[in-house]
Every structure is written in C-alpha cells, then in structure tokens.
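Single-structure report; data block below.
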Amino acid sequence: MSETFKEFKEHSVAEFFRKNKHMLGYSGKIRSMTTIVHELVTNSLDACEEALILPEVKVEIEKLGTDHYRVAVEDNGPGIPPEFVPKVFGKMLAGSKMHRHIQSRGQQGIGAAGVLLFSQITTGKPLKVITSLGDGKIYEMKVKMDVEKNEGKIVEMKVKKGNWRGTRVEGEFKEVSYNRGEYGPYEYLRRISIATPHAKIILKDPYGEVIFDRVIDEIPTKPKELKPHPYGLTVDELLYIARKTKAKKVSSMLTSELSRVSSKKVKELERHILRDLILKNFKGSIFFDRVVNLYLNYNVKGLVKKFKEYLSEEEVEYVKSLINSLPESLEELKDFVLKYLIMDYLLKKLNKEEIEKIKNHFKKSPDKFIEWAEKNYLSATTISEMNKKIKKLVRDPEEFLEEIKKKKLISDEEIKKLEEKVKKLLNKEPRALTWEEAELIVRCLQNMEFKAPPTSGLRPIGAENIEKSLKELLKPDFVKAITRNPKTYRGGIPFIVEVGLAYGGEAGRQGDEGRKMEIMRFANHVPLLYDASACGITRAVKSINWKRYGIKEDAPITVFVNLVSTFIPYTSAGKQAIACGEHENEEIYNEIRHALMICARELEKYLSRIRKEMEEEKKRKYVMKYAKIFAEALANILNKPVEEIEEKVIKLLEKS
C-alpha cells in the first residue's frame, strides 16, 4: 500500500468544523461571543414564532475570568422534547429547515450544535439545557458532542415537577470577550429588537440590565413552505425530487412537487420536449443547418459573419461548435447572442472614430463584454429589453413544427413516433429518470413562460412596524420605511426588500465628531454586524448620491435594510454579507436602491420644510429686532403711545 494512503482517514462534519471554527463565526473574541448569543437567540425566536407565542428572551452574560464567560439564553417557547435535545445541540446538519423552501433565520442546522462544540473545545464542559413542554415535567440535561461520530450525548439528566414552559441553555466559554461596542451582543440585540418588534428581549450583562421591550403585541403570520419554481430548478434537484416523490409518473411529479406547474403546463412541456427531440434527430445530417435556422429566432451564423472582423478566430469557431451542439448548448449560446445584439446596438449608435477606440473590447468573452457595455453605454431599460429578446431565442414549438412540416423535412409518421417517446418519458416512474432526461426536462421548463413564484413563504416585518421600532429605539425627528413588492432573482427565488430611514434624535452612529450615517443590515430579520465592506447592502447604500437629497455625509441618519427570502445569497458560510451588486443578483441590488431613493425623497421634503421654517424664523427674529425702533418712530409721527403701535406692528409682522 502507498505510504500516502496509510494516513487516509474519514472525518465527520463536526471534526471539520472543530478545525475550522472560523467558518461558523468563531474567529475573534468579540465576534465569537456575538455568534454564541446570535445562535441561541435566533433559535429561541424561531421556536416561539413557530408555536405562535409572543417571544420573551432573556440573555445573561457573566464574567468568570479573563476571556472566560458564562452565557445563558432563556425563552418562553414551546420547549424541546427531551429525545430531540441531543440532536438539536449535539449533531451538525440536523434540523427542520434546510430541506424546506421557507423563510427562516437559520437553515443548516449548525448553529446550536456549533455553540456546544465551541464550549467543548474551549472549556471541555457540556452545555446545560433546561426545557419543558409545559406538561408539568422540567428536564435538566447536560449535553456533550461526540465529535468523531457527529452525535450528541446526554451525560447527566434530572426530571423535576413544575409549571414552567420554555428552554434555557447555559454554557461556559473561553477565548471570548464582551463589551457594549458596535460589534458585540448588546448591539446585536439592539438591532434584532428593531427587526423583531413583537419580541421582548432582556439583557443582563456585567454593565447592568437593559430591556428592549416589544412595540407590537401581534404575532407575525407564519410563512408557508414553498415548492421549487421551474426557473430556479437544477438537474440535480429534479433528480433529488424524483427520488423522494410519492408520484407514480414524471408528469404528476412535476405538477405536485413544483410551483406554478399545472396539467396545462405539462401539455405545453410535451411540445417543447418534442421540438428539442426533433432538432437532436437531425444532428449530423445534411439538413441540420436548415433545421437550426427554423429552431432559432436569430440567424446566429449570420450575426457571427456580420461581426467577424471584430471577433477572434477562436470565438468564431467556438460559436459554430455551440450551434452544432444544440439544444444542449442553448444556455451558453444565449450569452453570445446577447453580446452580438449589444455590438449591433453600439455599431449603430456610435460613429467610426468612437468604434475604432472601443473595438478591442469586442474580443472580450460575453460576460466581460456585457459588464463593460452595461457600465459605459447601456441603460437599465436597454439591457432589460435585450434580455427579453434573448429569452425568445428559440422559436415557439408550434411555429417550429409548422415550419419544419412546410419545408417537408419531417413526416407525420416520424412526428408521431417522437410524440410517443415524449409521452413515454412523462409517464415514466420518476426514480427511473436518467440525468440526460432530467436535463432535457429542466432545459425545456426554463424556456417556458411561468408566473413568478408565490410569496406566501415570505414574512416581511412591515413598513409600519419598522417605523414603530425605529421611533421607539432612536427617538428620531423623522422616520420613513417602505416594504417593496415581492420580486424574484436567479430566475425563480422570491425576495422582498424593506428599507427604513431615521433622521435626528439618537439616529446615526456616534463618533468623535458627532453622529454620522449608520447602516443597519439584516437578512430574514437577523442583524449582520460583520463584513460590511463585502456586503451588497453596503454597496447599494453607498451608491446613492445622498447630497442630491440634501443629506450630508455627517448627517445623523440611520439606514435600515432588511432582505427577506427563502434563500439568502450569502457571500460565505459566516452569513454576514449578501452577494448582490450591479452584476450579481442585480435584482436585489436594484430593489434596495429604489427603496432607498423613495425614502430619501421623503426625507428631502422634510429637510426642505425644516430649512424653510428655520429661514422664516431667522427672518422673523431679524424683523422683530427692529419692530420697536419702527414703532417709536411711527408713534412720534402719529402722536400715539409706543406700546399700542408696537403691539400692532408685531401682530402685522406675525401675519405676514
């Protein structure tokens, strides 16, 4: 046996995270403390909301020594059945959310187990879990993790009688630190109280006790679980669904397991699959080019020929190979056609001198060329119109069939055979689906028209509640919040953007030179305290020209942004920054910007009114200063008492 393989060993998920704890947020003393509080508090809030209980969460932080603390989080939730405690706290990647398309604060089933793991590797001690379902029994357990097996073990357990209901988790931690700075648990709880206006949060720390009281007494509506949408579907996911479904046929699986797929849509899918199978049947034949011209709405070879002088030889050959690989290469071909449509637009718009200056950019790959063109020449409307054209790159199946029959390239008998093949595929037992068949179905589904996914799986905070929270916490002079209408990104993932602006009072971040703009970032109501510079939310806020709205850089302003989705596109496993920008998940980025601009316009009106009132007050004081002198002069002329004239002058000035 090779020497290398003598050291070969399998590792559990827990072992991986024990060596890579920074990936879970345990990367610095303050951040580690914040991560502990975050994981336990979000679990408590989720549990209460699932059970339709108004949350009351107590957080206790006690210093035991240098970088050594005891942390306890207690809630009034439904409690945890004792048999699930070792799974909740002792097993990585175990939970009730990861396999469901539903909005939630946590998803992977790592958080609570990560807290136990961190306690264990820094102090060697177990977590103490006290829980009750409100059935008269209170369970006190000490839980440890078997890292090699990725399993939780109860090392001690007591059962006593009592009428309490909820869960309390206590643990000791080293390599942590605590203060009330802007990256610690205090700031985290302060922010989560804004995003969870129905929760009461009590913090007892070495500095005293703080209560973040609830501002509304209504429990939010529970989000509903969503089915995957065809536009967000991958081949692997479809095969996973096929292995798990109870449906007996592929057709019934599509209608029962996917969102927006009806029996009528399955009939439409049959025609799309038929169109692709016909094209595949001509592959390698002398008629393939003619059939491709009927299959596509654009003469792609004609476009390549038209722009050949601007393109590299490699690109020309590569696009030809993509055409010969249709229908499998359709998605990649779309990128090149979009590039050529933009080139056509620029060649018509620009003069010869301008084209000569930029022609080297035409040799770039589609993604880099499109990014360059969007940045320098294309408006959002223009690129949107071009993307719509690209969606229609392939001809409608009925039109394709009609044309191919008209050209006598295929017989009715051949079409019937292929139709039977399509029916056989859709009547197939789902578990028997091959990768190639699933690929064909997914490709055709994504070339069809579907309604956007339902948004019943999303639960925004609500503009009114955001305003109430900001008013309660910051006591601002002005506040405005907006909850945008639901949209989708990456083809079919629903999301909602919520934005709030608070100005004056205690809004803004306190610095050495006074209060400055403060950005509060949230994802599914959870505060994001770290990695601000890498976050798309920060970029969206900073992309706004605030001066245009009369807002200075050193204005006492708090910007609140909450992204709500069934799938948050985090930049990393640390889940502290959102991946969105001008060229990545741009739908999210643009929604944030639009919402901010709407709120900024309202703030601009308020500031304009305040400035006008201040100017009028200044003017009034200036005029009043000379009212007495004017009254004395007028009294001498009219031979009347000064007081009488002064009173009338003041009344006259106040009316003007």
Side-chain angles (χ1 to χ4, degrees), residues 98-102 224-283 295 326-331 391 394-402 404-405 410-457 488 490-494 566-567:
M98 190 176 178
H99 56 285
R100 297 155 70 199
H101 288 258
I102 193 167
K224 294 176 183 174
E225 186 174 350
L226 296 178
K227 295 173 183 176
H229 190 274
Y231 288 163
L233 193 66
T234 64
V235 177
D236 180 66
E237 189 174 7
L238 182 63
L239 289 170
Y240 175 80
I241 291 167
R243 290 195 299 272
K244 300 290 179 183
T245 188
K246 291 178 182 177
K248 303 296 181 191
K249 297 178 182 178
V250 169
S251 57
S252 55
M253 174 190 77
L254 296 174
T255 56
S256 63
E257 303 287 353
L258 298 182
S259 170
R260 303 303 194 192
V261 179
S262 60
S263 303
K264 189 178 176 183
K265 283 291 177 186
V266 172
K267 288 285 180 191
E268 191 183 325
L269 175 65
E270 286 181 21
R271 308 309 283 169
H272 278 76
I273 294 173
L274 176 64
R275 179 192 61 193
D276 277 20
L277 289 180
I278 289 170
L279 179 65
K280 284 187 83 169
N281 268 19
F282 278 93
K283 207 173 272 191
Y295 181 78
L326 284 169
E328 289 83 358
S329 59
L330 184 62
E331 284 308 306
K391 278 187 176 178
V394 180
R395 269 189 207 209
D396 178 78
E398 297 308 325
E399 191 185 343
F400 172 73
L401 275 170
E402 196 178 311
I404 203 167
K405 279 199 232 175
I410 194 166
S411 67
D412 289 341
E413 193 180 329
E414 285 174 307
I415 289 173
K416 269 189 179 178
K417 280 183 183 177
L418 288 172
E419 283 175 337
E420 283 169 17
K421 191 175 179 181
V422 174
K423 279 191 168 60
K424 191 177 176 184
L425 167 61
L426 294 175
N427 286 330
K428 194 173 189 177
E429 206 273 326
R431 284 170 189 78
L433 262 183
T434 65
W435 181 275
E436 189 182 23
E437 290 167 340
E439 208 168 29
L440 174 63
I441 290 167
V442 169
R443 183 174 65 245
C444 290
L445 282 171
Q446 292 177 352
N447 273 295
M448 291 166 60
E449 293 287 332
F450 288 99
K451 285 182 186 176
T455 54
S456 54
T488 61
R490 288 190 191 169
I493 301 170
T566 53
F567 177 80

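Because the structure is predicted, anything quoted here is derived from the model rather than measured.
Put simply, the side chain of Phe450 reaches to within 4.5 Å of the side chain of Val261, judged on heavy atoms. Within the 4.5 Å cutoff, no side-chain heavy atoms of Val394 are placed close to those of His272. Looking at Met448 and Pro230, their side chains never come closer than 4.5 Å, going by heavy atoms from C-beta outward. In this structure the side chain of Leu440 reaches within 4.5 angstrom of the side chain of Leu425, judged on heavy atoms. For the pair Lys405 and Ile415, the minimum side-chain heavy-atom distance is below 4.5 Å. Residues Leu269 and Val422 have side chains not in contact (no heavy-atom distance under 4.5 Å, counting atoms from C-beta outward). Looking only at side-chain heavy atoms (C-beta outward), Lys424 and Lys421 stay at 4.5 Å or farther from each other.
Considering only residues two or more places apart in sequence or on other chains, Lys248 meets the side-chain contact (heavy atoms from CB on, under 4.5 Å) condition with none of them.
Between Glu439 and Lys280 there is no salt bridge, since no side-chain nitrogen of the basic residue lies less than 4.0 Å from a carboxylate oxygen of the acidic one.
Between Ala242 and Met253, the shortest heavy-atom contact is CA-SD, 3.5 Å. Of all heavy-atom pairs between Ala438 and Val235, the closest is CB-CG1, 3.8 Å.
The salt bridge (charged side-chain N to carboxylate O under 4.0 Å, His left out) analysis of residues 442-457, with sequence neighbours excluded, yields the pairs Asp276-Arg443, Lys392-Glu449.
Just one of Arg271, Lys265, Lys264 meets the salt bridge (Lys or Arg N to Asp or Glu O under 4.0 Å) condition when paired with Glu268; it is Lys265.
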